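Both counts, for ligands and for their atoms, begin at 1 and track the order of listing. Because the structure is predicted, anything quoted here is derived from the model rather than measured.
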Amino acid sequence: MKFGGTSVGDAACMRRSATIVSNASREFSIVVVVSAMSGVTNRLIDAAHHAKRGDREAGKALANTLRKQHFEALAALVLDESARFSVQQRIEEILSEGARLYEGTALLRELTPRTLDAISSLGERLCAPVFSAALSQMGVAGLPIEALELIVTDSFHGGAEPQVEPTRQRAHSRIDPLLKAGHIPVITGFIGATADGILTTLGRGGSDYSATILGAALDADEIIIWTDVDGVLTADPRLVSEARTIAEISYREAAELAYFGARVLHPKTLRPVLPAGIPVWIRNSFAPEKLGTKITAQGHSIGGGVKALTAIRDVALISVGGPGIVGVPDVVGRTFSTTAQLRAEVLLISQSSSQNDICFIVAKAHSQVTIEALRHEFAQDLAHQVVDHITMDPNIAIVAVVGENMRGTPGVAGRTFHCLGQQGVNIIAIAQGSSETNISFVVSDDSVKAALLATHREFGLGRSNGS
Ligand code: ADP
Ligand code: ASP
Ligand code: MG
């Protein structure tokens, strides 16, 4: 069971989540993965950037706020004084580690990816002991564990990849005896460590990924991701108020939604469970009586083909082109080896058949470095006007229409673009992979909501659709 930031956001939320664990533990062996209390990771990262500019106070001020926040939750959840005292000491240790990291950063005015990982991991490390103590207070034996001990990753800081076999071995040898002894391990989400023990993070929102990495490593029967919505919805409820909960969805559909920005799941979440076909549930920790969404290999097909919509913002459209690139064979190859070297994930690619222009989309966070690297790669070609432009448009978004049953169903694209046309939404670029499980298109950022509402209505996603 993984609990996201809002599900451990304060004492009341932690109590609700701990009750879910304690009830389920009567019937099952449970392993818990926790995120940081909501907002904490953002604040840690913000303060790190202040420290990088030489600000020595930001880290100190944040430590005080975090101490207060975690102590308050602890005081409300744990009555036993000696249990509380030992968790307080652990919190102090972690905070003083944090203080040294902030001081070092401010002194050097340098924030390496490795230091940033160490700083951003503090939220999960602070949360796990509190949640674990809350369980123990309820009479179930919680035990906080830092995932550095369990998840072995490569050394790509800020988005590390787990190594399956060593993780499996460590997870079994550490966790199996604890479960046998009746403990409930409470593991920090979001973090891992290299084989040498250097802390890494799995990327923002990565606790979902931690849960499936560990669930797969431990051969779990099921993985439940507890969050603040009823499950996977037909669209982001913050943008489409008519969005409905989907009862069952396939790995593939859920992965497409996650990849195209449905924040409810980290994009890599489903990878570890594919080989063993472990079901993943998305459920609401604020309404545990609701069933939520079940994500399985088969999913559950529905008539119309379209299952859900998603939008990804904070992206930029980069275009490389000019009449001179026609017939130059390596422009495409060089463009994407440049993005690969930067590990800038390319979210969508579109190329017109005249080859005049290759356009693709990356996260805004990667856009500036990508543009610079491309201008460097094509410096000669720009000088000789073989390539006449490398440009970027940051005011765009991708909208994706997702559904496994769209494959072979004629008319989905037609209906999509017809309804957008009727709403006056201009389409900048279009892509559909041959898997036909999604149609994605690029619109200006200010028309995302209109595009979502129009397609949601067109495909009747707000109505009971038998899913
Ligand atoms: P947690 O802190 O539990 O990891 P997140 O904030 O990361 O939670 O993810 C949950 C949020 O994802 C929801 O509050 C919702 O606004 C957003 N979201 C976006 N698209 C969807 C969707 N299709 N279904 C459900 N939630 C979605
Ligand atoms: N706390 C981390 C983040 O905010 C990981 C997570 O919440 O999944 O990115
Ligand atoms: Mg999340």
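Distance from atom 3 (O) of ligand 1 to its nearest protein heavy atom, with residue and atom name: T227 OG1, 2.7 Å. Nearest protein neighbour of atom 24 (N) of ligand 1, counting heavy atoms only, is L233 N, 2.8 Å. In terms of protein heavy-atom proximity, atom 21 (C) of ligand 1 is closest to D236 CA, 3.8 Å. Annotation: atom 7 (O) of ligand 2 to nearest protein heavy atom, S35 OG, 3.4 Å. Shortest contact from atom 6 (C) of ligand 2 to any protein heavy atom: S207 OG, 3.3 Å.
Taking a cutoff of 4.0 Å between a charged side-chain nitrogen and a carboxylate oxygen, R56 and E103 do not qualify as a salt bridge. Looking at E458 and R415, a side-chain N of the basic residue comes within less than 4.0 Å of a carboxylate O on the acidic one, giving a salt bridge.
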> Can you check side chain to side chain contact (heavy atoms under 4.5 Å, CB included) on V315 and V362, steps first, answer last?
Replying inline: CA-CA 6 Å; V315 288; V362 294; over 6 Å; no
> For R84 and Q137, what are the C-alpha separation, side-chain angles and deciding distance, and is it a side chain to side chain donor-acceptor pair (under 3.5 Å)?
Replying inline: CA-CA 10 Å; R84 216 163 52 209; Q137 174 73 42; over 6 Å; no
> Which is it for N64 and L62 under the side chain to side chain contact (heavy atoms under 4.5 Å, CB included) test, yes or no, and what are the steps along the way?
Replying inline: CA-CA 5 Å; N64 289 334; L62 179 58; over 6 Å; no
> Should E97 and R100 be marked as a salt bridge (Lys or Arg N to Asp or Glu O under 4.0 Å) after you check the CA-CA gap, both sets of side-chain angles, and the distance that decides it?
Replying inline: CA-CA 5 Å; E97 225 181 281; R100 291 199 297 279; 5.3 Å; no
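Atoms of ligand 1 lying under 4.0 Å from any heavy atom of G5, numbered from 1 in the order shown and given with element: 2 (O). Distances below 4.0 Å separate heavy atoms of T41 from the following atoms of ligand 2: 1 (N), 2 (C), 3 (C), 4 (O). Those atoms of ligand 2 that come under 4.0 Å of a heavy atom in R204, given as number and element, are 3 (C), 4 (O), 9 (O).
Ligand 2 does not have G123 within reach: every non-hydrogen atom of the residue lies 4.0 Å or more from it. Within the structure, ligand 1 has A235 among the residues with a heavy atom less than 4.0 angstrom away. Residue contact annotation: V232 has a non-hydrogen atom under 4.0 Å from ligand 1. For V229, the heavy-atom gap to ligand 1 drops under 4.0 angstrom. Using a non-hydrogen distance threshold of 4.0 Å, A243 does not register as a contact of ligand 1.
For R114, the CZ atom is loosely surrounded, since the number of other residues' heavy atoms within 6.0 Å does not exceed 12. For D221, the CG atom sits in a loose shell: 12 or fewer heavy atoms of surrounding residues, nucleotides or ligands are nearer than 6.0 Å.
A distance of 6.0 Å or more separates the ring centres of F190 and Y209.
The N/O atoms of G205, backbone and side chain alike, include one that comes under 3.5 Å of an N/O atom in ligand 2. For ligand 1, the polar-atom distance check finds an N/O of D228 within less than 3.5 Å of one of the ligand's N/O atoms. Backbone and side-chain nitrogen or oxygen atoms of E124 are examined, and one is located within less than 3.5 angstrom of a nitrogen or oxygen of ligand 2. Between G261 and ligand 1, not a single N/O pair is under 3.5 Å apart. Close N/O approach between P237 and ligand 1 is not found [any backbone or side-chain N/O within under 3.5 Å].
Aromatic ring pairs are classed by plane angle as parallel below 30°, tilted from 30° to 60° and perpendicular above 60°; the pair F441 and F417 is perpendicular.
The salt bridge (Lys or Arg N to Asp or Glu O under 4.0 Å) with R313 is formed by just one residue from the set D236, D446, D445; it is D445.
Comparing R238, R263, R204, K2 against atom 9 (O) of ligand 1, the shortest heavy-atom distance belongs to R263.
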